[in-house]
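Taking it in order: structure first as C-alpha cells, then the write-up.
Here is how names work: the chains are called A, B, and so on, in the same order as the sequence lines, proteins then strands, and each is numbered from 1. Because the structure is a prediction, the values reported are computed rather than measured.
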Number of protein chains: 2
Amino acid sequence: MIRYRTTKQNQLILDAVQKHCDHPTADQIYLEVRASNDQISRGTVYRNLDKLADLGSLLRVKVPGADRYDCRLDVHYHMICRKCGAVVDAPLAYHHELDQQVLEQTGFLVERHRTVFEGICPACAADGTQK
Amino acid sequence: MIRYRTTKQNQLILDAVQKHCDHPTADQIYLEVRASNDQISRGTVYRNLDKLADLGSLLRVKVPGADRYDCRLDVHYHMICRKCGAVVDAPLAYHHELDQQVLEQTGFLVERHRTVFEGICPACAADGTQK
DNA sequence: ATGGGTGCAAAGTGTTTGCAAGTAT
DNA sequence: ATACTTGCAAACACTTTGCACCCAT
C-alpha cells in the first residue's frame with residue numbers, strides 16, 4: 001500500500017493552487033512554484049497535482065485545452081469564456097438528483113457529473129471585438 | 001467570405017460518423033474512412049470534422065482524452081465510463097433554464113452548457129475487476 | 001480560372017514516464 | 001533502511017499547420 005509523503009515540493013504546489021481563485025493550469029503552477037524553487041520540474045508538478053486531486057486536497061476542472069486546478073473542495077460547476085479562456089465558478093448548486101436519475105434509467109454507476117457553461121464573459125462582451 | 005465545398009472526402013467522413021452510434025474519435029473515423037480511401041490523411045479528417053461541427057452537421061463531444069463525434073444534432077448530455085472509456089448518450093433533457101440562471105446571476109453570455117456523467121458502465125461493473 | 005481542399009510531414013500542446021539519485025518516514 | 005519522490009529528458013497522445021498540388025464551382 002502506498003502512503004503519500006510530505007515534501008517541500010508538494011507543499012509549494014498546494015500553496016500555489018490555494019493562493020489562486022482563477023483556476024490555474026498545471027503550467028501556470030509550475031512557473032509560479034519555480035519562482036521560489038528553480039529546480040522543480042514539470043513532471044513533479046503534474047505528479048503532485050494528480051496526487052493532491054486524488055487525496056481531495058484540490059479539485060481538477062476538466063476543460064478543453066488544459067486542465068485547471070481549483071482550491072475549492074466542493075463539487076461545483078464552471079463557466080469558460082470562449083474568447084479569453086477564463087474559467088470561473090458558476091453560482092449554481094450541484095444537482096445530485098441528476099446522478100440518481102441517470103443511475104435509475106441506465107444502470108450506469110454514476111460517481112459525479114461535470115457541467116461547464118460555455119459563452120462570453122462580461123469583460124470580453126464589453127470589449128466589442130466580439131466573435 | 002468562405003463557402004464550404006463538397007468533396008468526396010468530407011462526404012465519406014460525414015457518412016462514417018452517421019454510421020456510428022458509439023461516439024467515435026477522430027482517429028477511429030480516420031481509420032474507417034481509410035478503408036475505402038487509402039489516400040486520405042489525418043489532417044483532412046480533423047479539418048473536415050471541424051467544418052462539419054461548425055456547420056452543425058454533427059456534434060462534437062468534448063471529453064478528456066480525445067473528442068468524440070456524434071451523429072445526433074440536438075444538444076444533449078453524455079456519460080463516460082472511467083474504466084473502458086465508452087461514451088453513451090444520457091437519457092436526460094437539456095436543462096435550458098440553467099443557461100438563463102447563469103446569465104442572470106453573472107452576466108456571462110451563456111451559449112450552452114455541457115454535462116458529462118462519470119462513473120462505471122453496467123458492462124464494466126459486471127466485470128468484477130473493478131476500480 | 002479561382003480559391004477552397006488535400007496529402008504529407010513536421011511542428012505544437014499538454015501530459016506521462018523510465019531512470020538513477022535524493023529524501024521522508 | 002526502506003520505498004516513495006525528484007529532476008531530467010525522452011516519449012506520448014491528440015491536434016494543428018505550412019506548403020505545393022488538386023479539384024469543385
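With rounding to the nearest 0.5 angstrom, the CD atom of B:Gln101 is 11.0 Å from the CG atom of B:Leu103. The CD1 atom of A:Ile29 lies 8.5 Å from the CG atom of A:Leu58; values are rounded to the nearest 0.5 Å. Separation of atoms NZ (A:Lys8) and CD1 (A:Ile40) is listed at 8.5 Å; rounding is to 0.5 Å.
As rounded to whole Å, 13 Å separates atom C1' of D:dT15 from atom NZ of B:Lys62. Atom pair A:Leu55:CG and D:dC4:P shows a separation of 14 Å (rounding to whole Å applied). Distance B:Asp50 CG to C:dG4 C1': 15 Å, rounded to the nearest Å. One can place CG of B:Leu52 at 18 Å from P of C:dG4, the figure rounded to the nearest angstrom. Rounded to whole Å, atom P of D:dT5 lies 12 Å from atom CD1 of A:Ile13. The CG atom of B:Asp38 sits 14 Å away from the C1' atom of C:dT6 (whole-angstrom rounding).
Of the side-chain N and O atoms in A:Asn10, none sit less than 4.0 angstrom from OP1 or OP2 of C:dA24. Within the 4.0 Å cut-off from OP1 or OP2 of C:dG7, at least one side-chain nitrogen or oxygen of B:Thr44 is found. Within the structure, every side-chain polar atom (N or O) of B:Tyr46 is placed at least 4.0 Å from both OP1 and OP2 of D:dT16. Using a 4.0 Å cut-off, no side-chain N or O of A:Asn37 falls inside it from OP1 or OP2 of D:dT6. In terms of phosphate contacts, B:Gln9 brings a side-chain nitrogen or oxygen within less than 4.0 Å of OP1 or OP2 of C:dG7. Dashed line: the shortest gap from a side-chain N or O of B:Gln39 to OP1 or OP2 of C:dC8 is under 4.0 Å. In terms of phosphate contacts, A:Thr6 brings a side-chain nitrogen or oxygen within less than 4.0 Å of OP1 or OP2 of C:dT25.
Under 3.5 Å, the side chain of B:Arg5 and the base of C:dG3 form at least one donor-acceptor pair of N or O atoms. If you check distances only, the side chain of B:Arg47 never reaches the base of C:dG4 with a donor-acceptor pair under 3.5 Å.
A residue-by-residue look at B:Lys8 and B:Arg60 shows that B:Arg60 has its nearest nucleotide of DNA chain D further toward the 5' end.
With respect to the salt-bridge test (charged N to carboxylate O, under 4.0 angstrom), the residues A:Asp22 and A:Arg68 do not qualify. Salt-bridge formation is detected for the pair A:Arg72/A:Asp74: a Lys NZ or Arg NE/NH1/NH2 atom is positioned less than 4.0 Å from an Asp or Glu carboxylate oxygen.
Counting any heavy atom pair closer than 4.0 Å across all strands shown, A:Asn48 reaches sugar-phosphate atoms only and no base atom. Within 4.0 Å (heavy atoms only), A:Asp27 reaches no atom of the nucleic acid at all. Within 4.0 Å of B:Thr25, counting heavy atoms only, lies no atom of the nucleic acid at all.
No side-chain donor-acceptor contact under 3.5 Å links A:His95 and A:Tyr77.
For B:Thr7, whose side chain is taken as the heavy atoms from C-beta onward, the closest listed nucleotide among C:dT6, D:dT6, D:dT15 is C:dT6. The side chain of B:Tyr4 lies closest to C:dG5 when the candidates are C:dG5, D:dT5, D:dG7.
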